Amino acid sequence: MKLSPAMLALLATSFGLSAQQPVPPVSTPSSATPAITPAQLRPPAQGTTLQPDASGLYTIRRYASLVVLDVVVQDAKGNIVTDLKRNDFHVTEAKEDQTILNFEETGSHLPDVSAAAINSTQDLDKTAPRAPVNIILLDEFNTRFEDMAFARYSLKKFLEKQPDKLTTPTMLLSVSLEKFTVLHDYTQNKQDLIDSLDHHFVAYPWQTHQFAWIAERYGTAFSTLMRVAEATQGHPGHKNMIWIGRGFPPFNFQNVPIDAQNRVNSLVQQCVNMLRDARITLYTIDPAGLQVNNTYGSAAEFNDPFGGNYQFAKLATATGGKALYGRNDVDAEIGTTVRDGASFYTLTYRPGNTSLDPQKFRKIRITLDRPGLVATTREGYYLQGGPAPVNPQNPSRRLAFDLISAADSTMVYDAVPISVLPSPTDPDSFTVRIDAKGLVWTFATDIEKRHADLVMMVTTFDKKGKELKRSAHSMKITAPDGVPPTGRIEIGTQLPAKIEHDTKAVRVRFVVRVSQTGRIGTADLTLPGKP
């Protein structure tokens, strides 16, 4: 997809540049929320909700979230260790001992090799909802053309050595400054991935060769991580993200205004938290291999191999992954990351620390009773608040970016389960069904019934994939009478949707974002009578 004005504006604003285009407002139909109500106020920290009573006073309710750690253990020779038990692990968070509540051994949720092959996100969520997966991404915006050619060759070489049916479902993506492309959805078919790779035409990254478009390349790296995290958040299994490319362009921030540096620091923190929430471990592989003459500019001589003061490799280690570079056997490096992604223990605990300081990094450390072993997991996390409230008249740039990214992509977003039924009488009318487990209902107050807030965007495309029309609506769904005023309720909903008739339209994508959680679901439909 091409970057829209709203997306380019967000990327430019992140680096202190002036936005060139305004963000279009979210339209508000009669069923939508016309203004922000007190019950829509977001919590000041993770796990806290505010509810007003009739006098306007607030009651604070806190919910302590579980922390899920995926841990890879190696011996002194780098071999994977798979025979450890719960009592072998000890976890501290912010220097405080934690009690391990749940423990899963390595390979606990690998798909049954005798079962039917997984060939889509829908197959994955239906038949193996907790299976680990691989997400392989080709970075075509910060990597020189010749290095990307070697990366493709190495990836194909790795795949050709694998069995016809892959053990771990794998998705293949490519990203340039102009396009985010899903080359293949999750599949266990090795040959399908090879065919998708062979048919993919790599755009020439002239910006990399000319040391240009620094802000856009930084922004594209951050936005790619965010959109993959948002799209895959609905799958609870572990995700191994293998980023093949340079990640960030080499750039020295010493002479950049401090507010721009703060924006980048904020994006780093946000990315780490989003990858954590989606249970993604990031591995970065530099396909340049050994370099006799530096080909990535003078700044790369004194900076990280992935370039820049804000080192992309640090994002990998923060999530429990690794940065691999300086080797010519890239296919073997890919194999190492795939091996790690299928050989992790899972530990779960509930933090005992009650501090709500959002600036304090909660460092996680794992020790083992058996000597000579090294445990690798994510470094820690920051507390964070919930998503910002939705203002239909003046939506935030982040909200616009999230919605447009989901609408323009062909990647399946499964964090909110939705399905779409066409009308039997009107080809331009549809019913959007939202599953109960995707909705979050507010508690009832003296002044307001229980309700769920969401935003729905509907986008039509022509036969070449070009966007024709987009509309978005902020909605407030009231719970049926008779439901309890508090507590969990399992209630889904159905929403009517209508598109503007266009003879050129062949496909329509529905995007639903739940305002209380920020989670997104998508559904695609080929219009009746279209090929």
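Remember, it's a predicted structure, so these values are computed and weren't measured experimentally.
- A donor-acceptor distance shorter than 3.5 angstrom exists from the side chain of Gln162 to the backbone of Phe158, with no hydrogens or angles considered.
- The residue from Leu275, Val272, Val67, Leu282 that alone fulfils the side-chain contact (heavy atoms from CB on, under 4.5 Å) condition with Arg378 is Val67.
- Closest heavy-atom contact between Thr459 and Met457: OG1-CG, 3.9 Å.
- Listed here is the closest heavy atom pair of Asp185 and Gln122: OD2-OE1, 4.4 Å.
- The shortest distance between side-chain heavy atoms of Met171 and Pro169 does not fall below 4.5 Å.
- Here Lys165 contributes atom NZ and Thr187 contributes atom OG1; the two are 10.0 Å apart, rounded to the nearest 0.5 Å.
- Going from atom CG of Leu166 over to atom CG of Leu193 covers 6.0 Å, rounded to the nearest 0.5 Å.
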Assess whether side chain to side chain contact (heavy atoms under 4.5 Å, CB included) is satisfied between Asn189 and Asp164, documenting all intermediate values. CA-CA 6 Å; Asn189 190 315; Asp164 290 339; over 6 Å; no

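- Counting heavy-atom neighbours within 6.0 Å of Lys190 NZ, excluding the residue itself, gives a total above 12.
- Within a 6.0 Å radius of NZ in Lys498, more than 12 heavy atoms belonging to other residues, nucleotides or ligands are found.
- Of the N and O atoms on the side chains of Ser429 and Asp426, at least one donor lies less than 3.5 Å from an acceptor on the other residue.
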Give the intermediate values and the outcome of side chain to side chain contact (heavy atoms under 4.5 Å, CB included) for residues Val133 and Asn240. CA-CA 6 Å; Val133 297; Asn240 217 41; over 6 Å; no

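- Interatomic distance, CD1 of Ile136 versus CD1 of Ile244, reported as 6.0 Å (0.5 Å rounding).
- With 3.5 Å as the limit, one finds no donor-acceptor pair spanning the side chains of Gln516 and His451.
- In this structure, Gln188 contributes its side chain and Ala117 its backbone to no donor-acceptor pair below 3.5 Å.
- Under 3.5 Å, the side chains of Thr346 and Arg279 contain a donor-acceptor pair of N or O atoms.
- If you take CD on Gln233 and CE on Met274, they are separated by 7.0 Å, rounding to the nearest 0.5 Å.
- Put simply, the side chain of Asp462 gets close to the backbone of Lys466: a donor and an acceptor are under 3.5 Å apart.
- Side-chain contact between Ile334 and Leu155 is present, with heavy atoms from C-beta onward closer than 4.5 Å.
- Arg450 places a side-chain heavy atom less than 4.5 Å from the side chain of Val483.
- Judged purely by distance below 3.5 Å, without hydrogens or angles, the side chains of Thr281 and His238 pair a donor atom with an acceptor atom.
- Separating the CG atom in Leu468 from the CD1 atom in Ile499 is a distance of 9.5 Å, to the nearest 0.5 Å.
- Checking side-chain atoms of Thr170 against main-chain N and O of Thr168 turns up a donor-acceptor pair under 3.5 Å.
- In summary, Asp198 and Lys156 engage in a salt bridge, as defined by a charged side-chain N under 4.0 Å from a carboxylate O.
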Criterion salt bridge (Lys or Arg N to Asp or Glu O under 4.0 Å) on Lys469 and Asp502, from CA distance to verdict: CA-CA 9 Å; Lys469 182 72 175 180; Asp502 191 332; over 6 Å; no

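- Across Ala505 and Leu527, no two heavy atoms sit closer than the pair O-CD1, 3.4 Å.
- Of the possible polar contacts, one joining the Asp139 side chain to the Asn142 backbone as a donor-acceptor pair under 3.5 Å is found.
- Atom OG1 of Thr143 sits about 7.5 Å away from atom CG of Asp286, to the nearest 0.5 Å.
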Report the C-alpha distance between Arg398 and Glu230 in whole Å, list the side-chain angles of each, state the deciding distance to 0.1 Å, and finish with yes or no for salt bridge (Lys or Arg N to Asp or Glu O under 4.0 Å). CA-CA 13 Å; Arg398 177 58 200 277; Glu230 285 187 324; 3.2 Å; yes

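- In terms of modelled atom types and a separation under 3.5 Å, the side chain of Thr181 and the main chain of Leu183 share no donor-acceptor contact.
- For the pair Glu490 and Arg488, the salt-bridge criterion is met [side-chain N within less than 4.0 Å of a carboxylate O].
- For Thr431 (side chain) and Pro496 (main-chain N/O), no donor-acceptor pair under 3.5 Å exists by modelled atom type.
- Phe222 and Cys271 get closest at one heavy-atom pair: CD2-SG, 3.5 Å.
- Closest approach of Ala278 to Lys239, counting heavy atoms only: O-NZ, 2.6 Å.
- Residues Leu138 and Leu173 form no side-chain contact, since every pair of their non-hydrogen atoms from C-beta on lies 4.5 Å or further apart.
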Check the pair Asp414, Thr121 against side-chain hydrogen bond (donor to acceptor under 3.5 Å, both in side chains), reporting the backbone distance first and the verdict last. CA-CA 8 Å; Asp414 60 355; Thr121 297; 5.7 Å; no

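- Arg470 has no carboxylate O lying under 4.0 Å from a charged side-chain N of Glu500, or vice versa, which leaves the two without a salt bridge.
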Please test Asn119 against Tyr186 for side chain to side chain contact (heavy atoms under 4.5 Å, CB included), starting from the C-alpha separation and ending with a verdict. CA-CA 6 Å; Asn119 288 300; Tyr186 291 120; over 6 Å; no

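- Residues Asn134 and Val338 have side chains in contact (heavy-atom distance under 4.5 Å, counting atoms from C-beta outward).
- The shortest side-chain heavy-atom distance between Asp408 and Arg509 does not fall under the 4.5 Å cut-off.
- Between the side chain of His235 and the backbone N or O of Ala131, at least one donor-acceptor pair lies under 3.5 Å.
- A cation-pi geometry, defined here as NZ or CZ lying under 6.0 Å from the six-membered ring centre and within 45° of its normal, does not hold between Arg217 and Phe141.
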Kindly determine whether Leu525 and Phe430 satisfy side chain to side chain contact (heavy atoms under 4.5 Å, CB included), including the steps that lead there. CA-CA 10 Å; Leu525 198 68; Phe430 308 87; 3.5 Å; yes

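- The cationic atom of Arg227 (NZ for Lys, CZ for Arg) lies less than 6.0 Å from the six-membered ring centre of Phe180 and within 45° of the ring axis.
- Taking the side chain as every heavy atom from C-beta outward, Ile135 and Thr232 approach each other to under 4.5 Å.
- Across all non-hydrogen atoms, the minimal contact from Arg152 to His200 is NH2-O, 3.1 Å.
- Val514 is not listed as a side-chain neighbour of Asp453, based on a closest heavy-atom distance of 4.5 Å or more.
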